[in-house]
Amino acid sequence: MSLQLLTPEFFQPPPDQVAQRLLGKLLVRKPENPEDETAIGRIVETEAYFGADDAAAHAYSGQTPRNAVLFGPPGMAYVYLIYGLHYCLNISCEPEGKAGCVLLRAVEPVAGLSTMARRRGLQPGVSPRLLASGPGRLCQAMAITRRQHNGISVTHAASVLTVMEDEYRVQDIAATPRIGIRKAADRLLRFTLAGNSFVSA
DNA sequence: CCAAAGATCTACT
DNA sequence: GTAGATCTTTGGG
């Protein structure tokens with residue numbers, strides 16, 4: 001089986017395109033200490049956020065210290081803290097200067113399940129749906145924080161966090177409204193692998 | 001300086 | 001189904 005890194009060019013298009021193309025790809029988190037396994041999850045749920053013209057986006061009212069990564073080159077991790085408790089992982093899209101991004105909302109665990117469970121504070125044998133279905137859960141399972149990961153590349157082989165492609169073939173993609181937002185709530189910018197049971201509630 | 005909101009999750013009724 | 005946790009960032013006075 002062959003695994004291939006995605007390139008910065010993959011993330012160059014507008015976020016609605018990238019969000020759909022990311023479905024079925026693998027999020028790979030390297031170990032950070034000897035007792036960790038490599039954690040791998042297949043992306044099953046994403047949301048697209050534009051910059052200008054999207055009132056729900058962090059970049060909507062222009063560049064700030066928090067969202068600066070979004071205005072940089074494509075293929076970079078944008079990590080922020082939400083509700084004082086949970087991290088969310090996005091990947092920047094579009095050329096430098098344009099601030100689109102894709103929020104990773106859920107992965108189907110495919111490797112390193114016990115490491116994910118430990119990070120989540122759960123027993124090793126729990127239902128794998130509890131591991132990384134939901135953006136906050138995903139970051140906890142992959143041990144992703146703003147301090148360590150905001151601004152890092154996901155397209156470089158040496159990175160602790162990468163997105164890779166295998167032979168998996170996507171069938172149907174469903175488009176629905178985005179979750180948990182109040183502004184621009186009617187746009188169909190949430191994408192899922194249709195019928196996949198690891199999509200968040 | 002202060003107030004309020006926020007791309008969530010868990011526990012409990 | 002609803003509430004509470006918890007804190008950074010942002011915008012207004």
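Numbered from 1 within each chain, the chains take letters A, B, ... in sequence-line order.
Rounded to whole Å, atom P of B:dT8 lies 12 Å from atom CG of A:L85. The CZ-P distance, from A:R147 to C:dC7, rounds to 15 Å in whole Å. For A:Y83 and C:dT2, the OH to C1' distance is 15 Å, given to the nearest whole Å. Note: CD1 (A:I82) to C1' (C:dA5) measures 14 Å, nearest angstrom. For the pair A:H86 NE2 and C:dA5 C1', the interatomic distance rounds to 8 Å; values are reported in whole Å. Residue A:R182 contributes atom CZ, which lies 14 Å from atom C1' of B:dT8 at whole-angstrom precision. Distance, A:H58 NE2 to B:dG6 P: 10 Å, rounded to whole Å. Straight-line distance from the CD1 atom of A:I91 to the P atom of B:dA7: 19 Å, rounded to whole Å.
With contacts defined as side-chain heavy-atom distances shorter than 4.5 Å, the pair A:V79/A:I152 does not qualify. By the 4.5 Å heavy-atom criterion applied to side chains, A:D16 and A:F50 are counted as neighbours. Looking at A:T7 and A:T155, their side chains never come closer than 4.5 Å, going by heavy atoms from C-beta outward.
Picking from B:dT10, B:dG6, C:dT10 the nucleotide with the shortest atom distance to the side chain of A:T64 gives C:dT10. The side chain of A:Y49 lies closest to B:dA7, out of B:dT10, C:dT10, B:dA7.
For the residue pair A:Q140/A:R120, the side-chain donor-acceptor check at 3.5 Å is satisfied. Remark: the A:E45 side chain and the A:T192 side chain contain no N/O donor-acceptor pair separated by less than 3.5 Å.
For an aromatic pair to be called close, the ring centres must be under 6.0 Å apart, and A:H58 with A:Y49 fails this.
For A:S61 and C:dG11, the shortest distance from a side-chain N or O to OP1 or OP2 is below 4.0 Å.
A heavy atom lying under 4.0 Å from DNA chain C marks the following residues of residues 66-81 of chain A, by number: A:R66, A:L81. Residues of residues 95-118 of chain A having a heavy atom closer than 4.0 Å to DNA chain C: none are found.
Between the CZ atom in A:R146 and the SG atom in A:C139 there is a gap of 12.5 Å [rounded to 0.5 Å]. How far CD1 of A:I43 is from CD of A:E108: 12.0 Å, rounded to the nearest 0.5 Å.
Here A:R120 lies in heavy-atom contact (under 4.0 Å) with sugar-phosphate atoms only.
The strand DNA chain C forms stems, runs of 3 or more Watson-Crick or G-U wobble pairs with distances below 3.5 Å, at B:1-6 with C:7-12, B:8-12 with C:1-5.
Here the options are A:P73, A:P74, A:C101, A:P15, the test is side-chain contact (heavy atoms from CB on, under 4.5 Å), and the partner is A:E94; only A:P15 passes.
A:S200 and A:G134 make their closest contact through CB-N, 3.8 Å (heavy atoms, listed as atom of the first residue, atom of the second, distance).
Of the charged side-chain nitrogens involved, none lies within less than 4.0 Å of a carboxylate oxygen, so that A:D36 and A:R29 do not count as a salt-bridged pair. Between A:E47 and A:R178 there is no salt bridge, since no side-chain nitrogen of the basic residue lies less than 4.0 Å from a carboxylate oxygen of the acidic one.
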